[in-house]
Amino acid sequence: MDWKNEVLAKKERLIEDLSRLLSIRSVKDLSAKSEMAPMGESINDALHFMLDKAKQDGFRTKNIDGYVGYAEMGPENAEEYIAILCHLDVVPATGDWDSDPFSPELRNGKLYARGAIDDKGPTMAAYYALKIIKDNSFPLKHRVRIIFGTDEESGMSCMKRYVQTEPEALTGFAPDAEFPIIHAEKGQINALLKMQENTVPQDGEDILKSFHAGEKGNMVPDKAVAILSGKELETLKEKFIEFGKTESLETAFDLNDHSLTLTLYGKSAHGMEPHKGISAAAKMALFLLDRVRSPFLVFICECLADDHLGEKLGIAFADEVTGPLTVNPGIFRYTQKADATIALNIRCPVETPYLRTIEKLNETAQKYGFEIEEVREKKPHHVPKDGPVIKVLQHAYEEETGQEAKLLTTGGATYARFINNGVAYGAVFPGKENTAHQRNEYIEVDDLCLATAIYARAIYDLAK
């Protein structure tokens with residue numbers, strides 16, 4: 001079977017269907033949730049779009065309480081099934097985009113939209129891979145399910161519901177990372193730090209009224225807003241403008257008789273790679289530190305700024321499988337005379353001592369007046385290098401690309417961890433830019449088609 005030719009025959013329809021899916025603003029919105037739309041109406045629209053399409057194409061479908069759905073093919077009486085684990089939710093489209101992030105635009109062979117590479121593009125590639133197998137009526141030994149999650153970016157409650165109601169898959173993969181194959185994923189510690197600041201302002205000094213940055217724990221904050229009061233606000237404004245120029249960062253301000261609002265823009269990046277972004281929160285705190293007395297700012301500057309490895313927090317760790325621990329401070333909230341919070345997204349190597357790491361984090365936080373208000377853990381996921389599923393996926397990748405299928409590890413967390421021997425498989429190719437969670441997110445059309453061919457071969461080989 002020439003899988004690439006099969007994909008090319010469906011290329012225009014593939015792009016059309018993907019564009020329709022990308023047009024759905026499937027950002028989690030609990031204010032619009034209902035019993036059958038637990039993540040909000042927009043994500044529910046994306047789920048119905050895929051399930052309705054699959055049903056029209058002749059797949060067996062199921063909607064599990066609006067949390068997750070799947071489309072299935074293959075012999076109904078087959079005891080075991082292969083799982084392709086995808087997600088339809090996307091992170092907010094922050095930053096200044098060159099085009100509407102929910103009006104897909106094709107430019108220079110790239111399809112731009114929020115979700116193009118994370119994860120709607122790979123989802124549609126995997127779906128069309130299944131459709132090619134189905135349309136050719138290939139005999140299969142196992143059933144194959146493509147699973148559509150709705151809460152991957154905010155806790156994975158969708159897959160938690162799935163594993164409570166459905167039998168475990170024989171094996172499978174998540175097309176939600178990088179090629180060739182990711183066989184180990186870091187775990188996570190998501191910690192919410194909280195403090196009550198009781199600093200009493202002195203006469204003549206500037207006062208921090210509020211500090212706000214970040215919307216998602218797994219994104220580097222690309223915008224920070226601080227509101228201050230005081231007597232020398234004009235001077236502070238001028239210094240802020242100069243700071244922005246020195247740091248090559250965009251600034252904005254609003255000055256009136258009573259307060260000064262400062263806005264600083266950084267660069268967003270995925271929380272698993274915080275070094276690729278510029279935290280607007282950290283930069284804002286560094287600017288304000290010498291001008292405003294605030295333990296909140298001191299903690300940011302002394303424990304979080306310019307340190308993605310957790311060394312200043314006392315939690316640095318690394319192993320040979322997945323490398324170093326990383327820290328992304330994703331959400332900052334401060335209001336004068338009220339509780340202040342900072343949300344940390346910590347990516348943990350396979351061998352991380354979780355309890356000791358949390359203890360050390362709490363010890364450091366307490367020195368600055370913070371307490372751990374809430375902590376959530378995700379354990380790491382690791383599939384041995386000689387696992388059967390890895391051999392099949394390596395073969396498919398090498399046959400379709402002519403390149404060696406090297407094994408990788410990641411700080412990201414994918415649905416693959418919900419299958420004992422599941423792995424992450426594409427769709428970002430080696431050497432290509434990964435724009436997940438960034439402004440101007442895109443997928444290259446040629447890569448979309450190649451990924452579809454790889455998935456078709458891999459799924460067929462797994463299922464037969």
Side-chain angles (χ1 to χ4, degrees), residues 7 10-29 32-34 36-74 81-91 102 104 111 113-135 143-154 156-159 161-162 165-166 169 172-176 414-415 418 425-427 441 443 448 451-452 455-456 459:
V7 174
K10 292 178 166 55
K11 177 179 176 180
E12 296 305 318
R13 186 67 184 275
L14 167 61
I15 296 172
E16 178 184 339
D17 283 335
L18 174 55
S19 296
R20 292 172 62 197
L21 179 60
L22 290 169
S23 298
I24 302 173
R25 192 182 296 267
S26 53
V27 177
K28 187 174 183 178
D29 180 9
K33 72 176 183 178
S34 62
M36 286 306 295
M39 306 305 155
E41 289 300 326
S42 293
I43 290 181
N44 194 51
D45 289 344
L47 179 59
H48 277 280
F49 173 84
M50 289 307 304
L51 292 178
D52 289 347
K53 175 170 177 51
K55 190 171 184 179
Q56 293 171 5
D57 288 339
F59 290 89
R60 302 184 294 271
T61 63
K62 184 176 181 179
N63 185 337
I64 303 174
D65 305 322
Y67 280 86
V68 61
Y70 66 78
E72 184 181 84
M73 59 175 288
Y81 71 94
I82 310 299
I84 316 302
L85 304 112
C86 309
H87 72 89
L88 302 175
D89 59 312
V90 299
V91 297
F102 294 102
L111 186 60
R114 174 57 89 215
I117 195 65
D118 183 22
D119 183 44
K120 292 179 178 179
T123 294
M124 195 61 73
Y127 178 81
Y128 263 77
L130 275 176
K131 182 172 169 54
I132 288 170
I133 296 170
K134 187 177 186 303
D135 289 350
R143 290 175 288 139
V144 183
R145 282 184 184 179
I146 181 168
I147 300 168
F148 307 114
T150 64
D151 190 33
E152 194 272 349
E153 301 289 2
S154 303
M156 300 190 179
S157 62
C158 49
M159 285 306 300
R161 176 64 62 93
Y162 180 87
T165 60
E166 297 294 317
F173 62 84
D176 187 23
T414 75
Y415 287 156
F418 287 91
Y425 194 44
E441 179 181 350
I443 188 169
L448 174 69
T452 305
Y455 292 151
I459 293 168

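Note that the structure is a prediction, hence the values are computed from the model and not measured.
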Sidechain-backbone polar pair: [X] side chain, [Y] backbone, donor-acceptor under 3.5 Å:
X    : Y    : value
R114 : R25  : no
S19  : P104 : no
D89  : K28  : no

Q: Give the C-alpha distance, both sets of side-chain angles, the deciding distance and a yes or no for side-chain contact (heavy atoms from CB on, under 4.5 Å) between V90 and K120.
A: CA-CA 8 Å; V90 299; K120 292 179 178 179; 3.9 Å; yes
Would you compute the distance between atom [atom1] of [X] and atom [atom2] of [Y] and round it to the nearest 0.5 angstrom?
X    : Y    : atom1 : atom2 : value
L448 : L14  : CG    : CG    : 4.5 Å
M50  : K55  : CE    : NZ    : 15.0 Å
I24  : L22  : CD1   : CG    : 9.0 Å
M124 : I443 : CE    : CD1   : 11.0 Å
L51  : F148 : CG    : CZ    : 6.0 Å
M159 : T414 : CE    : OG1   : 10.0 Å

I want to check something: taking the side chain as every heavy atom from C-beta on, are [X] and [Y] in contact at a cut-off of under 4.5 Å?
X    : Y    : result
M39  : S157 : yes
H48  : N63  : yes
I147 : V68  : yes
F49  : L21  : yes

Q: Kindly determine whether D17 and R20 satisfy salt bridge (Lys or Arg N to Asp or Glu O under 4.0 Å), including the steps that lead there.
A: CA-CA 5 Å; D17 283 335; R20 292 172 62 197; 3.6 Å; yes
Q: Any pair with a residue in residues 121-132 that passes salt bridge (charged side-chain N to carboxylate O under 4.0 Å, His left out), sequence neighbours left out, goes on the list, sorted by first then second residue, please.
A: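 Qualifying pairs, neighbours excluded: D57-K131, K131-D135.
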Q: Sequence neighbours left out, what passes ring-ring contact (aromatic ring centres under 6.0 Å, His included) with Y127? Give chain and number order.
A: F59
Q. Mind checking what makes ring-ring contact (aromatic ring centres under 6.0 Å, His included) contact with Y81, not counting sequence neighbours?
A. none
**Q.** NZ/K134: more than 12 non-hydrogen atoms of other groups inside 6.0 Å
**A.** yes
Which heavy-atom pair separates [X] from [Y] by the least distance, and what is that distance?
X    : Y    : result
T123 : I146 : O-CD1, 3.9 Å
D119 : C86  : OD2-CA, 3.6 Å
A116 : L111 : CB-O, 3.6 Å
I43  : S26  : CG1-O, 3.3 Å
Y455 : P175 : OH-CB, 3.1 Å
Y67  : T150 : O-OG1, 2.6 Å

Q) Side chains of K10 and T452: do they bring a donor and an acceptor to under 3.5 Å? A)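 Note: K10 and T452 side chains miss the donor-acceptor criterion.
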Q. Side chains of D118 and H87: is there a donor and an acceptor less than 3.5 Å apart?
A. yes
Q: Taking side-chain hydrogen bond (donor to acceptor under 3.5 Å, both in side chains) as the test, write out the residues that go with S154, two or more places apart.
A: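 Here the qualifying residues are K216.
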Q: Under the side-chain hydrogen bond (donor to acceptor under 3.5 Å, both in side chains) rule, collect the residues that match up with R145, sequence neighbours excluded.
A: Y70, E72, Y162, E166
Q. Of all residues at least two apart in sequence or in a different chain, which pass the salt bridge (Lys or Arg N to Asp or Glu O under 4.0 Å) check with E152?
A. none
Q: Take I82 and I459 through the side-chain contact (heavy atoms from CB on, under 4.5 Å) test and state the conclusion after the steps.
A: CA-CA 8 Å; I82 310 299; I459 293 168; 5.7 Å; no
